[in-house]
Trainee: 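Please see the structure below; I have some questions.
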Amino acid sequence: MELHFSQIIKSQINKYKEKEILFYRKNLTDTWNHYSWNELDRQVDIVSRALLELGVSEFDRVGQFSQNMAENLIVDFALYANRAIMVPLYATSSVSQVEFIVNDAEIGVLFVGEQQQYDIALEVIKNTKTLKKIIIFDKSVKLAETQYSLYYEDLQDIGIQSTKHFEIEQRRQEAQDDDLACILYTSGTTGNPKGVMLPHSVFIEAMRIHKIRLTSISDKDTSIAFLPLSHVFERTWCYFCLYMGVSIYINLRPMEIQQTIKDVRPTLMCAVPRFWEKVYAGVNENIAAMSPFMQGVVTWAVAGGKMYNLDYLRVGKNPGLLLKLKYLIADAFIFAKVKKTLGIENANMLPTAGAKLSDEITVFMRSIGVPIVYGYGLTESTATVTCFDYTGYEIGTVGSIMPDIQVRIGEDNEIQLKGKTIFPGYYKNKEATQLAFTEDGWFKTGDAGFLKGDKIVLTERLKDLFKTSNGKYIAPQEIETRLALDKYIEQVAVIGDERNFVTAIIAPSIEALKEFAKKKKLLFSNDEDLIKLPEIYQLITDRIKERQQGMANYELIKKFTLIKKGFSIETGELTNTLKIRRAVIMQKYKVQIDAMYML
């Protein structure tokens, strides 16, 4: 019998007591502070009582609008002790996005992280009937509307003084597996986000099946919370870490992750493919700067690593003595140095999901001994549907199906799911819920693919798939993933729906282009001039041609437009999970796109 989430922290106390579990810091130069299991349990109890004193009732929705902080997890479990419902919001959300979620979920209390989130919350409170209290984690935030505002420290004081221990314990005892734990709003590429309802039962099941599959994880591991905790991937992973006794280091600001990794040198860390794309580009840049002789040595080493890790260990074969020796030399002199420079020399498992990961990156990282575990999942499936096994994983797939999750291929090759981790529906949205399920109860993922034994091969996102005016179907993500590997290309949006050929809006790597221009002695006065140089256009043309080798003629980019500033969340071109909002880009760059199709 798996424990209800309101009991998980308490269940670990007897085993771990004063063991350090949750680490946090405000600035990169600060030393790490930490909570022991005993202190974490005490903090959860304090905040539980404080929320009850504040008037939070069972099944009330309470929001968290913050970057990653230790307080996020404390508040989660304090809410679960109250049988209340947690609603996370991305720290990068705009006023209109926050306002929609606050109104839709009827949030009464909203926790915020820093000044930016607090200022947005004050704007939102003017246009909502339900939001009554804003609780601020960062005590350096300057308060404006004190009647609505309360520092987290003051909330703790309320909890310390409260005597309502019995009431909290009663709520814990009455908690049911089918109680709603969270409403996670998907950052949709079109329209308003939908609130994915996740009851405690789906998290309980996720813990059970991950423990079955991920047998190498133990309480000796260390994980960094790098992805936003508002994302189902990181939040479920952190829950699993707590469930397994894994120590968690909270990375406050995403741009600090490279230094955090070097400081912590973790054994575990979730990331999206974009992170590994940047790592791969950096490693390749260093290789390109080497002498021809050293480049040859690296090529020899990686080829040996591929044979050792992929051709032998992956399929359970024992490498011969000569190959073992070759790998030991390559690892000692090359691979170990790369991993130590990155801070991942202790890596046990590095789960990666959320978008398409290039096979090229997977093969390279696995060849040099970086244990990337590629997987696939959705908010609606409580994250993991498939992931790489320790052995037998297959490049080109997103791994094998998790225990007790059912997968079938439906109409239009759509991947459909059943199982105890699948959500029951969208909050207050019966129409969207009906559309999401087949008549016989299978969840329609919107992703196309096929089964290869117990493994899934993804082919395209059905909503992203478009058809040219010549009747050819194009999967833009495949093209975008290939091009994003190039050092000169930062972001790509492929265009072509109902057009007679494929084009693209490309945000190049300005720094890489400047370096190229310097070597070629090209003259320019600013970034605008740089991207207009014919030599730069030719360079990107050549890079596209190289990256699209082997693709069908109708998939090839015939024209493109370079932009000096990349797509961002703030301008609405990216979702909070960094997915392209193609409709926004089409509208914003309509003039440039139309010009590419003029005769």
Side-chain angles (χ1 to χ4, degrees), residues 3-13 16-18 20-24 26 33-66 68-88 107-114 117-118 121 130-141 143 145-175 179 181-182 200 229 238-239 242 248 250:
L3 280 171
H4 190 275
F5 263 53
S6 63
Q7 303 283 357
I8 278 180
I9 304 298
K10 289 208 171 295
S11 72
Q12 301 281 39
I13 300 305
Y16 293 117
K17 298 182 174 66
E18 289 304 313
E20 298 164 353
I21 179 62
L22 200 54
F23 294 79
Y24 61 97
K26 183 167 183 179
N33 295 306
H34 69 268
Y35 291 109
S36 67
W37 276 99
N38 278 333
E39 183 58 22
L40 179 62
D41 178 54
R42 193 176 85 86
Q43 288 296 324
V44 169
D45 281 349
I46 287 169
V47 178
S48 300
R49 295 194 299 272
L51 288 169
L52 188 120
E53 296 283 0
L54 221 59
V56 172
S57 301
E58 294 171 315
F59 314 120
D60 277 359
R61 278 76 58 206
V62 174
Q64 288 204 58
F65 177 35
S66 167
N68 290 358
M69 295 184 175
E71 290 87 349
N72 294 143
L73 292 171
I74 291 168
V75 170
D76 280 7
F77 288 94
L79 289 171
Y80 300 154
N82 272 293
R83 293 184 83 187
I85 300 162
M86 188 272 298
V87 185
I107 289 170
V109 176
L110 181 66
F111 287 85
V112 299
E114 297 181 320
Q117 290 84 34
Y118 176 64
T130 60
L131 186 57
K132 303 298 180 189
K133 188 64 71 176
I134 302 168
I135 301 170
I136 305 100
F137 290 141
D138 186 350
K139 62 184 177 184
S140 67
V141 168
L143 303 188
E145 301 287 346
T146 51
Q147 71 267 36
Y148 304 124
S149 310
L150 182 72
Y151 284 120
Y152 182 76
E153 283 188 350
D154 297 328
L155 179 78
Q156 289 174 304
D157 289 340
I158 292 170
I160 289 167
Q161 293 164 25
S162 172
T163 57
K164 294 187 176 176
H165 304 269
F166 173 77
E167 289 88 337
I168 292 295
E169 193 51 40
Q170 189 173 21
R171 285 187 178 184
R172 269 202 182 99
Q173 294 304 320
E174 290 172 355
D179 286 349
C182 308
H200 284 273
L229 280 163
C238 283
Y239 288 171
L242 292 169
I248 302 169
I250 305 288

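In this text the structure is predicted, and so the values were computed from the model without any measurement. In what follows, every heavy atom counts, from backbone to side chain, and hydrogens, waters and symmetry copies are set aside.
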Trainee: With the threshold set at 4.0 Å, does a side-chain nitrogen-carboxylate oxygen contact exist between Asp179 and Arg171?
Mentor: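 No.
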Trainee: Using side-chain heavy atoms (C-beta onward) and a distance below 4.5 Å, is Ile250 in contact with Leu73?
Mentor: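 In contact.
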Trainee: How many angstroms lie between CG in Leu155 and CD1 in Ile160, if you round to the nearest 0.5 Å?
Mentor: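 Rounded to the nearest 0.5 Å, the CG-CD1 separation comes to 10.0 Å.
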Trainee: Which atom names give the shortest non-hydrogen contact between Val112 and Ala121, and what distance separates them?
Mentor: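 Taking every non-hydrogen atom into account, CG1-CB, 3.9 Å.
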Trainee: Looking at CD of Glu169 and CD of Glu174, how far apart are the two atoms once the value is rounded to the nearest 0.5 Å?
Mentor: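 One finds 10.5 Å between CD of Glu169 and CD of Glu174.
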Trainee: What distance do Arg49 atom CZ and Asn82 atom CG have between them, rounded to the nearest 0.5 Å?
Mentor: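 Result: 11.0 Å between the selected atoms.
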Trainee: Any idea how Phe77 and Tyr239 line up, ring-wise: parallel (<30°), tilted (30 to 60°), or perpendicular (>60°)?
Mentor: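 Judged by the thresholds at 30° and 60°, the geometry between Phe77 and Tyr239 is perpendicular.
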Trainee: Just how far is it from atom OH of Tyr152 to atom CD1 of Ile135, taken to the nearest 0.5 Å?
Mentor: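 One finds 9.5 Å between OH of Tyr152 and CD1 of Ile135.
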Trainee: Just by distance, no angles: are the side chains of Asn38 and Ser36 close enough, under 3.5 Å, to form a donor-acceptor pair?
Mentor: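 Absent: no donor and acceptor within the cut-off.
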Trainee: Students often mix this up, so state it plainly: with edges at 30° and 60°, are the rings of Phe23 and His34 parallel, tilted or perpendicular?
Mentor: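 Aromatic pair Phe23/His34 classed tilted.
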Trainee: Between Gly113 and Ile136, what is the shortest heavy-atom contact and its length?
Mentor: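 The answer is O-CG2, 4.1 Å.
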Trainee: Is the shortest side-chain heavy-atom distance between Leu52 and Ser162 below 4.5 Å?
Mentor: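 No, too far: nothing below the 4.5 Å cut-off.
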Trainee: Do Asp41 and Gln12 pair up side chain to side chain, a donor and an acceptor below 3.5 Å, judged on atom types alone?
Mentor: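 Judged by distance alone, the side chains do not pair up.
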Trainee: Less than 3.5 Å apart, any donor N or O on the side chain of Glu71 or Gln43 sitting next to an acceptor on the other?
Mentor: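 The criterion, which ignores hydrogens and geometry beyond distance, is not satisfied for Gln43 and Glu71.
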Trainee: Tell me, do Met69 and Lys26 make a side-chain contact under 4.5 Å, heavy atoms counted?
Mentor: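 Side chain of Met69 against side chain of Lys26, heavy atoms only: no contact under 4.5 Å found.
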Trainee: Out of His4, Gln7, Arg83, which one pairs with Arg172 under the side-chain contact (heavy atoms from CB on, under 4.5 Å) rule?
Mentor: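 The passing option is Gln7.
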Trainee: Show the nearest heavy-atom pair for residues Ser48 and Ala81, with the distance to one decimal.
Mentor: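 Where Ser48 meets Ala81 most closely, the heavy atoms are OG-CB, 3.6 Å.
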Trainee: What pairs meet the salt bridge (Lys or Arg N to Asp or Glu O under 4.0 Å) rule with one or both residues in residues 157-166, with sequence neighbours excluded?
Mentor: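 Salt bridge (Lys or Arg N to Asp or Glu O under 4.0 Å) check on residues 157-166 returns Glu53-Lys164.
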Trainee: Can you check whether Gln117 reaches Leu110 side chain to side chain, under 4.5 Å on heavy atoms?
Mentor: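 Heavy-atom side-chain distance check fails, nothing below 4.5 Å.
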Trainee: Are more than 12 heavy atoms from other residues, nucleotides or ligands located less than 6.0 Å from atom CD of Gln147?
Mentor: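 More than 12 within 6.0 Å, yes.
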Trainee: Tell me the closest heavy-atom pair linking Tyr80 and Ser6, and the distance in Å.
Mentor: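 Nearest pair, atom of Tyr80 first, then Ser6: O-CB, 3.4 Å.
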Trainee: Output yes when a side-chain donor or acceptor of Thr130 lies under 3.5 Å from a complementary backbone atom of Ile107, and no otherwise.
Mentor: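 The answer is yes, because a donor-acceptor pair under 3.5 Å joins these two groups.
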Trainee: Given 3.5 Å as the limit, does a donor-acceptor pair link the side chain of Asn68 with the main chain of Leu229, or not?
Mentor: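 Checking the backbone N and O of Leu229 against the side chain of Asn68, a donor-acceptor pair under 3.5 Å is found.
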Trainee: If you take all heavy atoms of Leu3 and Ser11, which pair is closest and at what distance?
Mentor: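 Nearest pair, atom of Leu3 first, then Ser11: CD1-CB, 3.1 Å.
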Trainee: How many angstroms lie between atom CD1 of Ile74 and atom CG of Leu22, to the nearest 0.5 angstrom?
Mentor: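 Interatomic distance, Ile74 CD1 to Leu22 CG, rounded to 0.5 Å: 6.5 Å.
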Trainee: Rounded to the nearest 0.5 Å, what's the gap from CG on Asp76 to CE on Met86? Could you check?
Mentor: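 Reported to 0.5 Å precision, the distance equals 4.0 Å.
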Trainee: Give me the one residue out of Phe65, Phe111, Tyr24 that meets ring-ring contact (aromatic ring centres under 6.0 Å, His included) with Phe137.
Mentor: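 Among the candidates, only Phe111 passes.
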Trainee: What verdict does the ring pair (Phe, Tyr, Trp, His ring centres under 6.0 Å) test give for Tyr118 and Tyr148, after you've listed the backbone C-alpha separation in whole Å, the side-chain angles of each residue and the deciding distance to 0.1 Å?
Mentor: CA-CA 11 Å; Tyr118 176 64; Tyr148 304 124; 9.8 Å; no
Trainee: Identify the heavy atoms of Asn72 and Gln64 that sit nearest to each other, and give their distance.
Mentor: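 Taking Asn72 first and Gln64 second, the nearest heavy atoms are ND2-OE1, 2.8 Å.
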Trainee: Is there a side-chain contact between Trp37 and Lys17, using heavy atoms and a 4.5 Å cut-off?
Mentor: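 Answer no - side chains too far apart.
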